[in-house]
Every structure is written in C-alpha cells, then in structure tokens.
Amino acid sequence: MKVVGIVAIVAAKFLIPVGIPFAPFVFGWANFVLDTVDGDLLVPLGLADGTYQPIDKVADWATYVGMAVAARRLRWSIAPWVYALFAFRSVGQLLFLITGAEWWLFVFANFLEPLFLVYATAGFFLKGEERTAAWFLRHRTWIVVLVVLYKLQDEYVTHIGNIDRTELITNLFS
C-alpha cells in the first residue's frame with residue numbers, strides 16, 4: 001500500500017507540470033501545494049531522503065519547464081524574466097544534483113516559482129495579458145522585493161538550516 005502512495009505522489013509531481021502551460025493559475029498552485037507537502041508524505045511512506053531529494057529536484061525542474069512554456073505560449077510580458085530565472089535556477093539544480101550540496105539551492109534561489117505564481121494569479125483575476133502586464137509594471141518593485149525576501153528565507157530554512165517548518169511553527173506558538 002505504501003508503494004502505491006509513493007508512486008501516486010511521484011507521478012503527480014511529474015503530471016501536474018504538464019498542465020501549467022494550459023492553466024497556469026490552477027496547475028501552478030496545485031504544484032506549489034503538492035511540493036510543500038510531498039516530503040512530509042513520501043518520507044513517512046518509506047521513501048529515503050537520499051532518494052526523495054533527487055526526485056524532488058528533477059520534478060521541480062519539470063515544473064520550471066512548464067512555467068517557461070506557459071510564459072511563451074501565453075506571450076506573457078514577463079517571459080524574458082521567466083527564461084532568465086529558469087536558467088538561473090537550472091544552474092543551481094544541476095550543481096545540487098552533481099555535488100549533493102544543498103547550499104547551491106540557496107545560492108541559485110528559486111525566484112521563478114513565486115514570480116510565476118504572482119503573475120499567474122494576477123492574470124487569473126485580471127482576465128487578460130494586457131491588464132496583467134500593466135498591473136505588474138505598476139507594482140514590479142514591490143513584487144520583486146517580496147519575491148526575493150520570501151524566497152531567500154525559504155531557501156535558507158529548507159536548504160541551509162534544514163529546519164522542519166512544522167517544528168518551527170509549533171515552537172513559535174508553544
């Protein structure tokens with residue numbers, strides 16, 4: 001039964017990114033939620049952390065490909081940003097997979113995903129690239145600052161401090 005759970009979760013990690021170019025808001029957020037909880041599900045099911053990490057990083061890269069394809073397919077004004085951040089994070093992913101050193105994931109932080117989610121969410125609610133691009137242009141400084149701050153703390157907690165978020169939040173409130 002545990003093997004079925006592992007296979008289903010890992011399959012979802014590779015199938016959800018396929019939908020990102022067609023429904024960036026829905027599949028982007030579905031991927032974010034799954035990526036947030038997958039380790040808490042897979043490791044207790046018996047997937048060793050040493051096996052989980054490479055699978056997770058390759059699945060993450062599939063997500064980034066989906067995001068780059070979405071930006072091109074939908075002709076987003078931020079497509080050049082998406083491509084640059086895709087290349088930037090890909091370097092970190094590759095260095096991590098080669099060396100196993102998690103600090104590469106902090107150095108080459110994943111700014112792509114939160115930027116993509118902000119833009120996809122704005123596009124979902126604003127209903128149109130022209131309106132979304134104008135909104136982004138007006139708010140780009142705040143968006144970039146918040147994305148950078150959010151992602152640097154996230155990468156630090158996850159890959160440098162190796163802090164379990166559940167424990168962190170529990171300790172904050174106890």
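Positions are given from 1, in the same order as the sequence printed here.
The two residues Pro114 and Val147 come nearest to each other via the heavy atoms CG-CG1, 3.8 Å. Taking every heavy atom of both residues into account, Ile20 and Ala70 meet most closely at O-CB, 3.8 Å. Heavy-atom minimum distance, Pro17 versus Ala62: CB-O, 3.6 Å. Taking each heavy atom of Ser77 and Ala133 in turn, the nearest pair found is OG-CB, 3.3 Å.
Taking CG of Asp38 as the reference point, atom NZ of Lys13 lies at 3.5 Å (rounded to 0.5 Å). Taken to the nearest 0.5 Å, the NZ atom of Lys151 stands 10.0 Å off from the CG atom of Leu112. Between Arg140 atom CZ and Arg138 atom CZ the span is 11.5 Å, to the nearest 0.5 Å. Rounding to the nearest 0.5 Å gives a distance of 10.5 Å between CG of Asp49 and CG of Leu42. Rounded to the nearest 0.5 angstrom, Ile55 CD1 and Asp60 CG are separated by 12.0 Å. A distance of 5.0 Å separates CD of Glu102 from CD of Gln53, quoted to the nearest 0.5 Å.
Put simply, Val69 and Val58 are part of the same group of oily side chains (I, L, V, M, F, W, Y) that touch within less than 4.5 Å, one to the next. Connection of Val18 to Val82 is not established within any shared hydrophobic cluster, with ILVMFWY side chains joined at heavy-atom distances below 4.5 Å, either directly or through further cluster members. No continuous path of ILVMFWY side-chain contacts below 4.5 Å connects Phe25 to Leu15, so the two sit in separate hydrophobic clusters. In this structure, Leu146 is not a member of the same hydrophobic cluster as Phe111, with clusters built from ILVMFWY side-chain heavy atoms closer than 4.5 Å. Hydrophobic clustering (side-chain heavy atoms under 4.5 Å, transitive across Ile, Leu, Val, Met, Phe, Trp, Tyr) keeps Leu94 apart from Trp103.
Contact of the Phe124 side chain with the Thr132 side chain is not registered, since no non-hydrogen atoms from C-beta on lie closer than 4.5 Å. Contact of the Leu149 side chain with the Gln153 side chain is not registered, since no non-hydrogen atoms from C-beta on lie closer than 4.5 Å. Within the 4.5 Å cutoff, side-chain heavy atoms of Asp35 are placed close to those of Asp56. Proximity of Leu105 to Asn110: side-chain heavy atoms (C-beta onward) are nowhere separated by under 4.5 Å. Two residues are said to be in side-chain contact when any heavy atoms from C-beta on lie closer than 4.5 Å; Leu45 and Ile9 meet this criterion. At least one side-chain heavy atom of Gln93 sits under 4.5 Å from a side-chain heavy atom of Tyr64.
The only member of Asn31, Thr63, Val26 that meets side-chain contact (heavy atoms from CB on, under 4.5 Å) when paired with Ile16 is Asn31.
The closest donor-acceptor contact from the side chain of Thr158 to the backbone of Asp154 lies under 3.5 Å. With hydrogens and angles disregarded, no donor-acceptor distance shorter than 3.5 Å links the side chain of Glu155 to the backbone of Val107.
Between His139 and Trp135, the ring planes lie tilted relative to each other; the angle falls in the 30° to 60° range.
The environment of Arg72 atom CZ is sparse: at most 12 non-hydrogen atoms of other residues, nucleotides or ligands sit within 6.0 angstrom.
Residue pairs meeting the ring pair (Phe, Tyr, Trp, His ring centres under 6.0 Å) criterion with at least one member in residues 66-91, sequence neighbours excluded: Trp61-Phe86, Trp76-Phe116, Trp76-Tyr119, Trp81-Phe136, Phe88-Phe108.
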